[in-house]
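Treat the numbers as computed from the prediction; the structure is a model and nothing was measured.
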Amino acid sequence: MLQAFKNNLYKKIVAQFPEQEFYTSAHLSGTQMPVDVGHFVSQALSRRTTLEARDLITCSSPWIDFDSESTRKTVDDFVAQLGQQGRFPRFELEKALDRAVGFCSQYVLQPVATVTAFAVSDRERENSFSDVRRRAGYFLYHGSVLESLENLLNRADENQITRADVESQLRKDATEKAKDLDADGWLRLMDPILKTYRIAYPETADIPVQMIQAFLEERGASGLSEALASTAEATEGLLSADDLASEIRTFLEPAVAASELSAQVPPESNVLPLWKQFTKVEQPGSDDPSDGQKRERPHEPLWKTYQQESSTSGVVTQNEMRNEAKSKPSRPGEDSVLGDAIQYRDRFIGELFGSDPAAFEQTMDRLSSIRSWDEASQILTLEVFRKYRIDIYGETAVLFTNAIEQQVKQHS
């Protein structure tokens, strides 16, 4: 079942690429694929181009002092410039996508086992902490698992880390954090699974419970896993997203589930805007990156750029919105991308685009022709949040993302 899922997802993604000799990062951002798959492939391209650039300058000469600081800086700058020109040959792109889909599909279901196998080599000499952090940075989802790995690296002896020890500790942490999760907490953790499955199988609203079970059992939730399997027996092992949510609530919060059924709340009242999904306060012990207080850690890994812990003040208040100043008129098309939030144009440029109006305008131009939220979110990830190292849970990022999501969905 898992292999069929991977194969179908790969086919859906690779079919979007036109036949041509080379593909750049722009081609990756212009396709509909899971955000984590796009991130994985981009990391792979960056790594490969860096290695290729270094290979070009692995030379020495008695006429040049390659050990001097100025020469090393020149070489590093040269490597960085070449790295920005990275591109995939057709055949290499297909291999990279196949690899990314394989690991990312496995990761959303079993993050502990997958990140351990990918980031920690079974040969100790290859397990420098910088290499482990770099390889872990290929993944986006399940921030608490990545955080557990970072915490382990911070307190471990670099000469003694083993794959078995890492997996044991990450599994223990994941199980402990899962004990206090409520139904909403579990549903948020499962959201990447549902999103990825919908892309692979857009024609169906059901998902195999067997896939959900793999995720639950890695976190020690065997009781919930068995309950879902029992419920799905009557539907050939499949549950819709709504039925899945209902069964989880019934198992974990039976009294609450019963009262919700009797209240007859309109379905649309349960739909949360994007900012609220990001900023909703979790129960203690939750697995969302918004949980807990911010802590300073050395050696901040790449994934931390995208999984920053949020503050509980992620919602911009009405007074703040009214007091926000506009100083420069918008360009044609920007209103259709941002709607009423265009009044915060200068704020977005200053806080999200490194005070670069040209970069902001270029992104607005790209978003103005987008009619799919999946496409828009990938552009935001690649061209804003990762490029400028933005905390996606910050006030300005939440306001910006929510405004774009609203406009895209209105025009779709």
Side-chain angles (χ1 to χ4, degrees), residues 28-39 42 140-141 143 188 191-192 194-196 198-199 271-282 288-291 303-318 320-321 324 326 330 333-357 359-412:
L28 298 179
S29 62
T31 59
Q32 290 186 358
M33 70 173 79
V35 175
D36 60 329
V37 174
H39 172 69
S42 295
L140 277 181
Y141 293 131
R188 279 191 289 274
D191 190 54
L194 302 181
K195 286 179 177 177
T196 307
R198 288 192 200 104
I199 294 175
V271 179
L272 298 179
L274 187 65
W275 65 263
K276 197 163 186 178
Q277 295 176 30
F278 287 160
T279 58
K280 187 170 183 179
V281 180
E282 296 253 346
D288 191 85
S290 64
D291 185 44
W303 64 264
K304 198 70 173 175
T305 308
Y306 311 100
Q307 299 286 353
Q308 289 285 350
E309 299 162 330
S310 71
S311 133
T312 57
S313 61
V315 182
V316 180
T317 67
Q318 291 297 320
E320 290 172 330
M321 293 174 70
E324 190 75 23
K326 304 191 287 185
S330 61
E334 291 180 7
D335 296 54
S336 66
V337 176
L338 293 171
D340 292 339
I342 191 62
Q343 62 185 302
Y344 311 114
R345 185 180 192 274
D346 289 351
R347 173 177 175 177
F348 294 152
I349 293 173
E351 297 185 26
L352 304 181
F353 290 84
S355 299
D356 184 351
F360 171 85
E361 291 166 4
Q362 182 178 3
T363 299
M364 291 298 100
D365 289 341
R366 291 201 62 194
L367 290 169
S368 64
S369 61
I370 295 300
R371 294 296 178 266
S372 161
W373 172 238
D374 286 340
E375 292 179 69
S377 63
Q378 191 163 11
I379 290 173
L380 295 179
T381 298
L382 293 173
E383 297 187 7
V384 183
F385 301 136
R386 186 167 78 234
K387 182 176 180 180
Y388 296 99
R389 296 179 175 267
I390 301 299
D391 176 1
I392 65 173
Y393 303 104
E395 287 186 2
T396 303
V398 167
L399 177 63
F400 184 66
T401 305
N402 198 40
I404 293 173
E405 182 190 36
Q406 183 178 11
Q407 293 303 308
V408 169
K409 291 184 176 180
Q410 281 182 0
H411 293 108
S412 61

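Atom-to-atom distance recorded for Leu338:CG and Met364:CE is 4.5 Å, nearest 0.5 angstrom. Considering CZ of Phe353 and CD of Gln362, their distance stands at 10.0 Å, rounded to 0.5 Å. Rounding to the nearest 0.5 Å gives a distance of 7.5 Å between CG of Asp191 and OH of Tyr141. The distance from atom CG of Leu399 to atom CD1 of Ile404, rounded to the nearest 0.5 Å, is 9.5 Å. To the nearest 0.5 angstrom, Glu334 atom CD is 4.5 Å from Phe360 atom CZ. Taken to the nearest 0.5 Å, the CD atom of Gln407 stands 9.0 Å off from the CG atom of Asp335.
With sequence neighbours left out, Ile379 forms a side-chain contact (heavy atoms from CB on, under 4.5 Å) with Thr363, Arg366, Leu367, Ile370, Glu383. Residues satisfying the side chain to side chain donor-acceptor pair (under 3.5 Å) test with Gln406, not counting sequence neighbours, are none.
More than 12 heavy atoms of other residues, nucleotides or ligands lie within 6.0 Å of CG in Asp356, so this atom counts as buried by the packing criterion.
Residues Val35 and Ser377 form a side-chain contact, since some pair of their non-hydrogen atoms from C-beta on lies under 4.5 Å apart.
Of all the heavy atoms in Ala397 and Phe385, the pair that sits closest is CB-CE2, 4.0 Å. Nearest heavy-atom pair across Ser372 and Val408 is C-CG1, 3.6 Å. In terms of heavy-atom proximity, Tyr388 sits nearest to Ala359 at OH-CB, 3.2 Å. The two atoms that bring Ile349 and Pro357 nearest to each other are CG2-N, 3.8 Å, heavy atoms only.
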